[in-house]
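Following: one structure in structure tokens, then a few remarks.
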Amino acid sequence: MSSHDTATSRPVPPQIATADGQDAVSSRGEVVLRTARKVAHHERGKLALLQPVAWLAILHATAWAADAANVHPLIRTAAIAATAVSVLGRAERRGEPLPAVPVAAGVVWAAGAALFGPYGWVAILLWVAGIIMAAPYWMAVLRRPRPSPAAQSAPRNASHSLGAEVTLWQERVVPNHPAFKLTRLEQVKPVPDGYTGIVVGEPGPTRYSQMTVVAAVETVASANRVRISQVAIEESDDGDASRARVTVIRSDQNLTSTMWLEDSGAAIDPQTGIAQVGRFFDLQPAHRQFWTTSGGAQMGVVAGDTGSGKSNHVSALLSLAHRCPLVATALLDPQNGSSQPDWAGRTPIYGEGNEETLENLQMLDFVMLRRADFVAHAPWVDDLGRERRGKPFLLPGDPDMAGMTMLMACVEELKFFLDSPFGDAGFELLSTGVRTWRKAGGSLLVVNQNLGLDNFHNKQSFRSNLLSGGSLTALRTGSSTDNAMVGLPADPSKLPEYFRNGAKTHGLGYTTGVDRRPSAALRMMPVRDAFGIASTPPAGELGERTLGFIEEYRHHAARGRNPREVATPKRREHRHTSGDVQAAVEGALLAGPLAVGAVCVAVLRHLGDDVPLAEIPAALRALTKSGVIRQTGDLYQLSPTQR
């Protein structure tokens with residue numbers, strides 16, 4: 001190996017090749033340099049105190065150079081204005097607070113130097129004024145807490161694993177929408193095929209409502225190079241209005257996979273009324289609440305264009321209700337059975353066409369009035385052993401409600417019905433029902449193409465009552481303004497018709513309700529075999545009392561009476577219980593077999609005419625089911641063991 005190679009591969013340190021005096025000087029220089037670096041690293045906040053002095057020196061040097069070069073006053077003015085705009089624009093792009101006061105002070109300083117010259121007493125006065133105006137800045141720097149070493153090391157580790165999302169937010173989101181200009185992204189965590197984090201804003205200027213507008217969400221989607229349906233901006237867990245939770249998924253693969261209702265094990269929880277109906281874009285389960293323990297039956301709206309998966313979602317809701325022993329269903333299809341052919345004629349109450357829809361609504365209105373009257377005066381015993389009468393609403397499964405189930409009435413293609421010759425009369429019944437059915441255990445679910453007022457007979461109150469406290473499912477629609485009218489932050493009209501793999505986006509939408517995630521896209525679970533489910537006997541029945549109310553309605557309607565006029569009997573001080581009516585029926589049958597009419601006459605003669613007519617057929621059914629009496633043809637008689 002040559003001497004040249006050796007010198008190249010193993011360089012001699014400088015201190016070895018120098019004299020002793022030079023070594024000492026070099027060592028002292030390194031100490032000074034090392035000390036300066038420590039100061040720059042550990043006292044970075046204190047070095048910020050020199051910034052006003054540096055700015056004053058730059059302003060003074062610039063003014064001196066311009067005066068020495070005899071620059072035209074207009075050019076000086078233009079340069080001062082351009083510099084001010086540049087400084088403000090840089091702060092705006094970075095999302096920092098605008099330094100309006102320092103910039104204004106700099107403009108005044110530069111203007112004074114240009115007018116009077118940066119020399120002598122003028123220069124001294126300008127420097128004194130600049131130092132005085134910098135005093136508030138120095139006080140703020142001195143009061144600023146120094147970060148602890150632990151706090152400094154944490155961001156370094158976080159930036160190593162999650163720095164891409166934080167940097168992307170700072171560089172692509174913050175400068176491009178006013179709602180985010182004073183925000184930063186913290187607590188970033190992974191979710192399936194994406195990430196979630198907390199958007200931390202400046203209390204006061206930053207507002208959650210501004211971060212959820214469509215343009216703001218689209219800014220986040222653009223920065224992440226994804227569709228708007230792959231971004232959700234939601235309330236933070238602590239409810240702080242200056243913060244929000246943002247979730248982004250990088251592709252639509254979470255939504256393209258199909259989970260069938262039959263495979264999910266979804267069912268209505270008898271304690272809460274909640275059932276899973278789909279999955280959000282981050283694979284969290286999405287739910288619908290059919291009733292609440294604090295308010296009873298819930299109303300609902302399903303909206304979506306043709307091909308959006310609306311009919312399949314309604315079929316899934318009917319399937320869940322069909323399998324629940326605490327719910328009975330009524331399906332009204334103005335389009336002569338074409339809306340839900342798998343369910344046509346397979347629900348306890350069913351009507352086809354506009355005329356049958358109106359007739360069934362009239363019957364339901366009567367039945368709900370009767371049920372509400374019963375609920376308001378039903379006897380029960382509270383936890384303290386006190387005998388009481390009446391409850392505020394029917395809760396499915398309540399043993400004091402004589403087995404009455406919740407009745408979910410689904411009206412398909414509501415606008416089609418309201419635009420028919422029967423629409424005005426039907427709307428009056430629906431608008432009354434949406435206000436009163438809840439107490440009687442009645443749920444109204446309406447299905448429409450979109451959420452515009454023309455789909456709700458141009459009545460804001462009707463639409464509001466349907467959505468207030470209930471649930472909304474908005475699949476892809478053709479209107480871009482309706483979502484704001486119903487308080488839905490996300491715009492369902494911006495949902496894609498196809499996924500990137502070419503498959504249709506059936507069931508893709510947004511929902512309001514128990515999950516409180518109206519900004520998060522989800523995909524509803526379709527039903528694989530709706531006909532198979534509909535062909536099985538329903539788990540929930542109308543119940544003897546409700547069937548009795550239906551018979552009473554038909555009795556009055558067949559005789560040309562207005563059933564509504566006799567729907568609510570006059571209140572008496574004494575009310576007979578169902579047990580009293582059953583005892584009176586047993587007493588009447590002691591004389592021998594009797595037809596229904598004869599039993600009614602005997603019971604009314606014994607108890608008085610304040611007994612509702614529907615109570616007697618209900619008592620006959622209950623006694624027949626329990627084996628106390630038996631029916632032979634049209635006659636009822638006591639069982640041999642009861643004689």
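Side chain of T505 to main chain of P496: a donor-acceptor pair is present (N/O by atom type, distance under 3.5 Å, no hydrogens or angles). No donor-acceptor pair under 3.5 Å is formed between the side chain of Q187 and the backbone N or O of I198. Using modelled atom types, one side-chain atom of R435 and one backbone atom of S431 make a donor-acceptor pair closer than 3.5 Å. For Q298 (side chain) and G296 (main-chain N/O), a donor-acceptor pair under 3.5 Å exists by modelled atom type. Remark: the backbone N or O of I274 is not paired with any side-chain donor or acceptor of D269 at under 3.5 angstrom. With hydrogens and angles ignored, the 3.5 Å screen pairs no side-chain donor or acceptor of N224 with any backbone N or O of V226. Under the 3.5 Å distance criterion, the side-chain polar atoms of N448 are left unmatched by any main-chain donor or acceptor of N450. The backbone N or O of L451 lies less than 3.5 Å from no partner atom in the side chain of N455, so there is not a single donor-acceptor pair. The backbone N or O of S209 sits less than 3.5 Å from a side-chain atom of T212, completing a donor-acceptor pair. Between the side chain of H506 and the backbone N or O of G307, at least one donor-acceptor pair lies under 3.5 Å.
Using a 4.5 Å heavy-atom cutoff, the side chains of L317 and V277 are in contact. Annotation: side chain of L444 is in contact with side chain of L466 (closest heavy-atom distance under 4.5 Å). Side-chain contact between W260 and V527 is absent, with no heavy atoms from C-beta onward closer than 4.5 Å. Contact of the T206 side chain with the K181 side chain is not registered, since no non-hydrogen atoms from C-beta on lie closer than 4.5 Å. Looking at L255 and F499, their side chains come closer than 4.5 Å, going by heavy atoms from C-beta outward. In this structure, L318 and H322 have side chains that are not in contact, with every pair of non-hydrogen atoms separated by 4.5 Å or more. The shortest side-chain heavy-atom distance between R243 and V199 does not fall under the 4.5 Å cut-off. Side-chain contact between S229 and Y510 is present, with at least one heavy-atom pair separated by less than 4.5 Å.
In this structure, the separation between OG1 on T272 and CD1 on I268 is 9.5 Å, given to the nearest 0.5 Å. Distance CZ/R288 to CG/L472: 10.5 Å, rounded to 0.5 Å. Taking CG of L261 as the start and OG1 of T258 as the end, the distance is 13.0 Å to the nearest 0.5 Å. Expressed to the nearest 0.5 Å, how far OG1 of T432 lies from CE of M368 amounts to 13.0 Å. In this structure, CZ on R528 lies 11.5 Å from CG on N312, to the nearest 0.5 angstrom. Atom CD of residue Q210 and atom CD1 of residue I233 lie 12.0 Å apart, to the nearest 0.5 angstrom.
The shortest heavy-atom contact between S339 and S311 is O-OG, 3.9 Å. For the residue pair R438 and A297, the shortest heavy atom distance occurs at CG-O, 3.2 Å. The minimum heavy-atom distance between P526 and E262, with the atom names listed, is O-OE1, 4.2 Å. In terms of heavy atoms, I228 sits closest to A221 at CA-CB, 3.9 Å. Between G295 and F393 the shortest heavy-atom distance is N-CZ, 3.7 Å. The minimum heavy-atom distance linking R250 with G194 is given by the pair NH1-CA, 3.3 Å.
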Inset, instruction - Check the pair L453 / K459 against side-chain contact (heavy atoms from CB on, under 4.5 Å), numbers first and verdict last. - result: CA-CA 6 Å; L453 270 184; K459 298 295 183 181; 5.9 Å; no

Inset, instruction - Apply side-chain contact (heavy atoms from CB on, under 4.5 Å) to the pair E412 and V314, showing each step before the final yes or no. - result: CA-CA 9 Å; E412 271 278 4; V314 174; 3.7 Å; yes

Inset, instruction - Could you please spell out the steps behind the side-chain contact (heavy atoms from CB on, under 4.5 Å) verdict for Y195 and L185? - result: CA-CA 11 Å; Y195 67 91; L185 189 61; 4.2 Å; yes

Inset, instruction - Just do the side-chain contact (heavy atoms from CB on, under 4.5 Å) check on M211 and V217 with the steps written out, would you? - result: CA-CA 7 Å; M211 292 188 280; V217 179; over 6 Å; no

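Using a cut-off of 4.0 Å between Lys/Arg side-chain N and Asp/Glu carboxylate O, E186 and R245 are scored as not salt-bridged. Salt bridge status for D305 with K310: absent, with no side-chain N to carboxylate O gap under 4.0 Å. Ion pairing of E413 with K415 is absent here, as no side-chain N (NZ or NE/NH1/NH2) approaches a carboxylate O to less than 4.0 Å.
For S251 and D193, the side-chain atoms include at least one donor-acceptor pair closer than 3.5 Å. With 3.5 Å as the limit, one finds a donor-acceptor pair spanning the side chains of S464 and Q460. When only modelled atom types and interatomic distance are considered, T183 and W169 share a side-chain donor-acceptor pair under 3.5 Å.
Under the salt bridge (charged side-chain N to carboxylate O under 4.0 Å, His left out) criterion, E218 pairs with no residue, sequence neighbours left out. Legend: residues meeting ring pair (Phe, Tyr, Trp, His ring centres under 6.0 Å) with H177, ordered by chain and number and at least two apart, are F180. With sequence neighbours excluded, no residue forms a salt bridge (charged side-chain N to carboxylate O under 4.0 Å, His left out) with R279. Annotation: side chain to side chain donor-acceptor pair (under 3.5 Å) contacts of T511 (sequence neighbours excluded): none.
Listed by first and then second residue, the side-chain hydrogen bond (donor to acceptor under 3.5 Å, both in side chains) pairs that reach into residues 512-524 are E234-R517, D282-R517, H287-D515, sequence neighbours excluded. Sorted by first and then second residue, the pairs that involve residues 492-502 and meet side-chain hydrogen bond (donor to acceptor under 3.5 Å, both in side chains), not counting sequence neighbours, are D491-S493, E497-K504.
Checked against L414 for a side-chain contact (heavy atoms from CB on, under 4.5 Å), the options V447, V302, L430 give a single hit: L430.
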